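After the structure tokens below, expect a handful of questions from me.
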Amino acid sequence: MKALIQLREAYAAGHVSTSTLESRIALALSGASEDAVWDLPRWWHRRTAPRTLVVDGVEWPLGPSLRIGRSSSCDLVLPDDAVSRRHAEIALRGGLCAIRDLGSCNGTYVNGRPVTRARLRRGDELQLGETLLQLR
């Protein structure tokens with residue numbers, strides 16, 4: 001199973017902890033292999049991964065995980081009625097950056113295309129609701 005191999009490699013490279021590895025193996029074995037590895041690197045491209053997210057001229061550093069939405073429980077709160085309470089999550093792992101939509105009502109767009117999951121690069125433009133975000 002590809003997901004288990006990818007999890008093993010990510011663990012060996014130090015990208016996931018033991019407890020994360022255990023929970024993601026259980027997820028992969030339950031049939032949700034894409035959810036178990038969606039944010040893990042499949043290849044190494046450190047130079048192209050964005051480091052910051054720019055919203056209305058304000059820069060947000062990207063860490064291992066950044067949850068975006070209207071809810072105050074999100075890491076980045078967007079005051080946009082078209083943004084869901086928990087809209088999307090951006091993950092940065094091993095030099096690879098990815099986004100996944102968290103079941104939002106209005107969708108997540110990367111460079112004008114609707115996505116549920118996508119790899120992100122510097123220069124990409126995200127749209128969540130009416131809000132535009134730039135990756136640098």
Side-chain angles (χ1 to χ4, degrees):
M1 185 177 237
K2 289 181 182 181
L4 294 176
I5 293 169
Q6 191 175 352
L7 285 167
R8 179 191 68 198
E9 291 173 358
Y11 179 72
H15 297 298
V16 295
S17 67
T18 303
S19 61
T20 299
L21 176 68
E22 291 170 354
S23 64
R24 290 190 181 202
I25 285 174
L27 193 60
L29 292 175
S30 73
S33 59
E34 270 300 308
D35 288 335
V37 298
W38 77 272
D39 61 340
L40 297 178
R42 291 191 176 117
W43 55 88
W44 304 102
H45 289 289
R46 293 189 185 278
R47 291 176 295 167
T48 61
R51 296 290 178 211
T52 58
L53 183 65
V54 181
V55 184
D56 294 329
V58 178
E59 290 190 8
W60 288 84
L62 292 176
S65 180
L66 180 71
R67 219 165 249 207
I68 306 169
R70 259 189 6 253
S71 171
S72 61
S73 67
C74 291
D75 303 310
L76 174 56
V77 178
L78 299 178
D80 178 347
D81 290 337
V83 171
S84 296
R85 284 179 288 143
R86 289 181 48 233
H87 197 103
E89 181 177 14
I90 296 176
L92 183 62
R93 303 272 194 298
L96 186 71
C97 189
I99 188 168
R100 72 173 171 164
D101 186 272
L102 298 174
S104 68
C105 292
N106 292 317
T108 298
Y109 294 80
V110 176
N111 300 323
R113 292 178 300 134
V115 299
T116 53
R117 292 185 172 104
R119 180 173 170 223
L120 299 174
R121 293 177 177 84
R122 289 182 190 188
D124 284 347
E125 184 178 84
L126 306 177
Q127 182 175 351
L128 283 68
E130 299 296 322
T131 305
L132 295 176
L133 306 98
Q134 184 78 30
L135 290 158
R136 292 189 185 155

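As the structure is a computational prediction, the values presented were derived from the model and not from experiment.
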| Least distance between heavy atoms, Cys74 atom then Gly69 atom |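 For Cys74 and Gly69, the tightest heavy-atom pair comes out as SG-N, 3.6 Å.
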| Close side-chain approach of Val83 and Asn106, heavy atoms under 4.5 Å |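 The answer is no, as the side chains (C-beta and beyond) never meet within the 4.5 Å cut-off.
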| field | side chain to side chain contact (heavy atoms under 4.5 Å, CB included) between Arg51 and Leu62, intermediate numbers included | value | CA-CA 5 Å; Arg51 296 290 178 211; Leu62 292 176; 5.9 Å; no
| So, the side chain of Glu34 versus the backbone of Ala36: is there a donor-acceptor pair under 3.5 Å, distance only? |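 Checking the backbone N and O of Ala36 against the side chain of Glu34, no donor-acceptor pair under 3.5 Å is found.
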| Does the side chain of Arg70 reach to within under 4.5 Å of the side chain of His87, using non-hydrogen atoms? |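 No - every pair of side-chain heavy atoms lies 4.5 Å or more apart.
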| said: How close do Val55 and Trp60 get, counting heavy atoms only, and between which atoms? | reply: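 Scanning both residues completely, I find the closest heavy atoms to be CG2-CD1, 4.1 Å.
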| query | What heavy-atom pair brings Trp38 and Glu89 nearest, and what distance separates the two atoms? | reply |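 Reported closest heavy-atom pair: CH2-O, 3.7 Å.
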| task | Taking the side chain as every heavy atom from C-beta outward, state whether Thr108 and Leu102 have any pair of such atoms under 4.5 Å apart. | result |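 No, every pair of side-chain atoms sits at 4.5 Å or beyond.
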| said: Is any side-chain heavy atom of Leu128 closer than 4.5 Å to one of Ser104? | reply: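 A side-chain contact under 4.5 Å is absent here.
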| Gap between atom CD of Glu125 and atom CG of Leu132 - 0.5 Å precision |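 One finds 4.5 Å between CG of Leu132 and CD of Glu125.
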| query | In terms of hydrophobic clustering (I, L, V, M, F, W, Y; side-chain heavy atoms under 4.5 Å; direct or indirect links), are Ile5 and Val16 co-clustered? | reply |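 Different clusters.
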| said: Minimum heavy-atom separation for Gly123 and Gln134, please, with both atom names. | reply: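 That would be O-NE2, 3.0 Å.
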| field | Which atom of Ala91 lies closest to which atom of Asp39, heavy atoms considered | value |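 Heavy atoms only, the tightest pair is CB-CB, 3.4 Å.
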| message | Measuring from atom CD1 of Ile68 to atom CG of Leu126, what distance do you get when rounded to the nearest 0.5 angstrom? | response |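 These two atoms lie 7.0 Å from each other.
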| Would you say Val37 and Arg24 make side-chain contact, with heavy atoms under 4.5 Å? |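 Of all side-chain heavy-atom pairs linking Arg24 with Val37, none is under 4.5 Å.
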| Does some side-chain heavy atom of Val115 sit less than 4.5 Å from a side-chain heavy atom of Asp101? |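 Heavy-atom side-chain distance check fails, nothing below 4.5 Å.
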| Roughly how far, to the nearest 0.5 Å, is the CG atom of Leu78 from the OG atom of Ser84? |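 Those atoms lie 11.0 Å apart.
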| message | What I'd like to find out is whether the side chain of Leu76 reaches to under 4.5 Å of the side chain of Leu133, using heavy atoms alone. | response |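 In contact.
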| Of the non-hydrogen atoms in Arg67 and Asp75, which two are nearest, and what is the gap between them? |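 For Arg67 versus Asp75, the nearest heavy atoms are N-OD2, 2.8 Å.
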| message | Whether the side chain of Ser71 engages the backbone of Arg86 through a donor-acceptor N/O pair (distance < 3.5 Å, no angle test) should be reported. | response |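 Pair absent, no side-chain N/O of Ser71 close to backbone of Arg86.
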| field | Working for side chain to side chain contact (heavy atoms under 4.5 Å, CB included), residues Leu135 and Thr52 | value | CA-CA 6 Å; Leu135 290 158; Thr52 58; over 6 Å; no
| message | Among Leu53, Asn111, Ile90, which residue satisfies the side-chain contact (heavy atoms from CB on, under 4.5 Å) criterion with Leu120? | response |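 Only one of Leu53, Asn111, Ile90 forms a side-chain contact (heavy atoms from CB on, under 4.5 Å) with Leu120, namely Ile90.
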| message | Quick check for you: to the nearest 0.5 Å, what is the distance between Leu4 atom CG and Leu29 atom CG? | response |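 Rounded to the nearest 0.5 Å, the CG-CG separation comes to 5.5 Å.
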